[in-house]
Amino acid sequence: MTETIRFLMCSPDHYDVDYVINPWMEGNIHKSSQEKARQQWQQLYHVLKDRALVDLVTPEKGWPDMVFTANAGLVLEKTVVLSRFLHKERQGEEPYFKQWFEDNGFTVHELPKDLPFEGAGDALLDREGRWLWAGYGFRTELDSHPLIAKWLDIEVLSLRLIDERFYHLDTCFCPLSGGYLLYYPDAFDAYSNRLIELKIPEEKRIIVEEADAVNFACNAVNIGQVIVMNKISDDLQHNLAAKGFEVVQTPLTEFLKAGGAAKCLTLRTTEPLIPDHHANVTIESRILQLEGHLLDAGIMNKALDVVVGNGGSFKVLNFTLGIERQSTSSAEVRVSAPSHEVMEEIMVQLIDLGAAARPQEICDVNTAVVAQDGVAPDDFYVSTIYPTEVRVNCEWVRVENQRMDAAIVVTESPEGKTAKCTLLRDLKAGDRVMVGVEGIRTIRQAESREQRNSTQEFTFMGAGVSSERRVELTVEQIAWEMRQIRDQGGKVVVTAGPVVIHTGGAQHLSRLIRDGYVHALLGGNAIAVHDMEQAIMGTSLGVDMQKGIPVRGGHRHHLKIINLIRRHGSIAKAVSAGVLTKGVMYECVKNNVPFSLAGSIRDDGPLPDTEMDLIKAQEEYSRLIQGADMILMLSSMLHSIGVGNMTPAGVKMVCVDINPAVVTKLSDRGSVESVGIVTDVGLFLSLLTQQLDKLTRPLVETV
Ligand SMILES: NC(=O)c1ccc[n+]([C@@H]2O[C@H](COP(=O)([O-])OP(=O)(O)OC[C@H]3O[C@@H](n4cnc5c(N)ncnc54)[C@H](O)[C@@H]3O)[C@@H](O)[C@H]2O)c1
Ligand SMILES: NC(=[NH2+])NCCC[C@H](N)C(=O)O
């Protein structure tokens with residue numbers, strides 16, 4: 001018997017499955033046999049008594065899970081952090097365990113009332129005493145870890161549990177002597193698995209398969225080279241034997257019905273401590289502010305989901321609810337994350353939802369100086385489409401040239417402070433670029449309930465389940481807005497692919513240009529080539545547009561057209577020469593609508609107007625979309641995505657494509673202004689011109 005090792009157990013006098021607080025208890029209410037449970041517990045008790053000292057705490061009536069003493073608290077030398085149970089079903093155990101610890105000379109620390117921590121069920125010491133592994137995700141809150149680190153003066157490594165069957169750390173993780181670790185990796189998120197792999201060398205990691213894990217193989221008691229557990233496979237037994245461990249199996253089926261086994265039924269009260277240990281915890285916390293229609297726009301839900309979904313934890317410190325329909329709410333939330341890396345990931349997503357640190361806490365943004373032209377510092381902040389402000393010298397400064405995927409360059413001079421979205425290639429050595437996520441906020445437009453409802457309608461259509469009538473309704477609305485934009489001197493930009501021409505849309509798009517609804521056209525080589533092929537030869541990609549059948553030798557038509565335009569030097573010159581007399585490109589030239597054709601690797605020719613220098617083409621696109629009120633994206637994934645990347649939030653984007661995935665990708669920008677329509681682009685354009693005709697028709701027709 002090893003005198004120095006002691007365990008605390010609690011006899012199962014009042015044990016039963018009385019309620020359901022974990023998945024194992026489901027369907028097992030009152031299904032465990034009292035008699036069998038007693039026998040199994042006694043057998044475990046004797047196995048342990050042969051190898052260590054076992055103390056007993058008096059079982060209390062009405063607290064059936066008290067038998068699981070692992071959840072009494074976490075002990076290190078003579079200090080205990082008492083459990084704060086998450087579920088009320090177990091909270092009544094706390095005073096009894098507290099009494100026992102005090103009676104036995106332990107110093108007891110108690111966590112705040114609303115900070116759950118379930119003791120040694122969720123906190124396991126490395127068997128060499130080097131650090132504490134602490135679980136969170138189901139029963140224990142991440143925010144309890146820093147307090148535990150402080151009280152026990154030990155390094156805490158936080159692990160996030162993600163499989164509810166393994167709701168306590170000790171159900172899937174068991175540190176063993178000699179630096180070994182028995183564990184079930186799938187119970188943890190990727191970050192935690194990385195942390196485990198960083199700390200435990202591969203030859204010391206003993207991976208448990210699911211079949212053993214669900215038999216609670218990891219819920220084992222380790223005393224020196226002995227491991228006491230419920231029941232395991234021969235493979236795992238051989239594996240453990242090969243590492244020098246003796247496995248003692250003792251049946252615990254009746255306790256499995258409540259979600260526990262050997263380890264849960266014991267609490268080691270003599271935990272070793274290495275002499276020069278120190279509190280160390282990588283958990284970071286920040287206080288953030290959120291404002292807007294937090295409840296009815298679902299922002300609060302989304303924000304809290306972002307925190308938890310990425311492995312963080314939160315506490316809502318303040319919430320002021322906007323009482324009127326149009327008034328906004330505000331909240332202050334403390335966010336915690338197990339590491340700086342996870343915090344940054346959470347912050348980037350929260351910033352997109354409009355969250356910001358309390359201004360009084362930040363005076364300056366974090367910037368780093370660009371060392372090499374065209375290369376940003378490593379952790380530069382990547383901009384989004386949303387209007388953004390950065391804190392420079394205690395003041396919020398609005399970022400100019402808002403677009404996604406850029407760096408933010410900050411300047412301060414006697415003339416004032418500026419912040420500007422700048423593409424990587426435009427960065428100059430010496431520029432000050434925003435790094436990290438401190439002092440950045442995005443301004444999310446406070447959507448009204450009406451706007452949100454209409455977005456949902458569009459999204460519904462975007463999902464490809466829309467009826468014809470629904471498409472018509474959307475087109476009606478788009479026509480109405482185009483009409484308004486035109487009348488108010490606004491700007492509509494169209495991006496279009498060659499499918500517009502193949503589907504018979506050329507005549508309609510030509511009409512829109514002629515009637516002043518389009519103020520810039522963006523596309524590639526193909527739309528122009530096929531439009532002019534149709535205008536001059538009556539075919540699009542060799543298909544007769546009247547009869548819908550391929551024309552003999554038609555596949556050469558587009559090359560003849562490219563050749564013809566090349567001979568004239570440009571599309572405009574071909575128009576002047578009277579060679580091109582109709583179609584989309586003709587209307588652009590005639591109506592002074594600027595167009596930009598961006599080259600691609602697929603291009604034949606290309607046309608003299610096609611810009612094959614991609615950087616120049618991007619600049620041209622970006623110039624043409626400046627000041628746009630609406631962008632109509634018509635069946636070109638390549639050009640539409642390119643344009644989407646440079647467009648800030650606030651510009652209405654209408655994406656029309658036959659493929660729902662393309663529509664979703666383009667219209668799912670998290671902003672109200674995007675509309676996705678899954679339909680044939682030719683049909684869409686035809687409906688759109690019909691609608692515009694209706695809107696311009698005199699109210700009373702003359703007979
Ligand atoms: N001969 C040429 O020079 C030539 C020919 C073809 C393409 N290209 C170039 O290749 C690049 C990519 O071309 P792209 O924009 O055509 O291709 P893309 O794949 O980027 O986009 C085509 C889109 O049209 C959608 N679509 C197909 N049928 C549709 C319909 N009936 N209604 C609505 N949407 C429909 C598709 O789902 C797809 O998203 C462009 O730069 C283009 O100029 C050049
Ligand atoms: N350390 C443990 N895993 N204990 C098991 C506790 C089982 C108990 N029914 C609960 O859900 O709380």
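Order of listing sets the numbers, starting from 1, for every ligand and every atom in it. Because only heavy atoms are used, hydrogens play no part in the values below, and waters and symmetry mates are left out as well, while side chains stay in.
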Return the closest protein heavy atom for atom 42 (C) of ligand 1 as residue, atom name and distance. A526 CB, 3.7 Å
Does the side chain of S596 come under 3.5 Å of the side chain of E611 through a donor N or O and an acceptor N or O? no
Hey, are E93 and K98 close enough for a salt bridge, meaning a charged N less than 4.0 Å from a carboxylate O? no
Using the benzene-type ring in the case of Trp, are the ring centres of W41 and Y45 under 6.0 Å apart? yes
Using a threshold of 4.0 angstrom between heavy atoms of the protein and any atom of ligand 2, which residues qualify? I21, N22, M25, D65, F68, A70, N71, R90, G121, R139, Y167, H168, D170, T171, A258, G259, C264
Plane angle bin for H639 and Y621 - parallel if under 30°, tilted between 30 and 60°, otherwise perpendicular: tilted
For ligand 1 and D604, I'd like to know whether there is a polar contact (N/O to N/O, distance under 3.5 Å). yes
Between K665, H502, R602, M633, flag the one that comes closest to atom 7 (C) of ligand 1 by a heavy atom. R602
Write out the residue and atom name of the closest protein heavy atom to atom 32 (N) of ligand 1, then the distance separating them to 0.1 Å. V681 N, 3.0 Å
Do R139 and D122 sit within salt-bridge range, that is, some charged N less than 4.0 Å from a carboxylate O? no
Any chance the rings of Y15 and F255 have centres within less than 6.0 Å? yes
Hey, are E619 and K616 close enough for a salt bridge, meaning a charged N less than 4.0 Å from a carboxylate O? no
Report the residues that fulfil salt bridge (Lys or Arg N to Asp or Glu O under 4.0 Å) with E587, sequence neighbours left out, ordered by chain and then residue number. R514
Within-cut-off N or O pair, G497 and ligand 1, under 3.5 Å: no
Between ligand 1 and L634, can you find any atom pair, the residue atom being a heavy atom, that is separated by under 4.0 Å? no
Can V662 be said to touch ligand 1, with heavy atoms closer than 4.0 Å? yes
For atom 39 (O) of ligand 1, which candidate among L683, D657, L638, L685 provides the closest heavy atom? D657
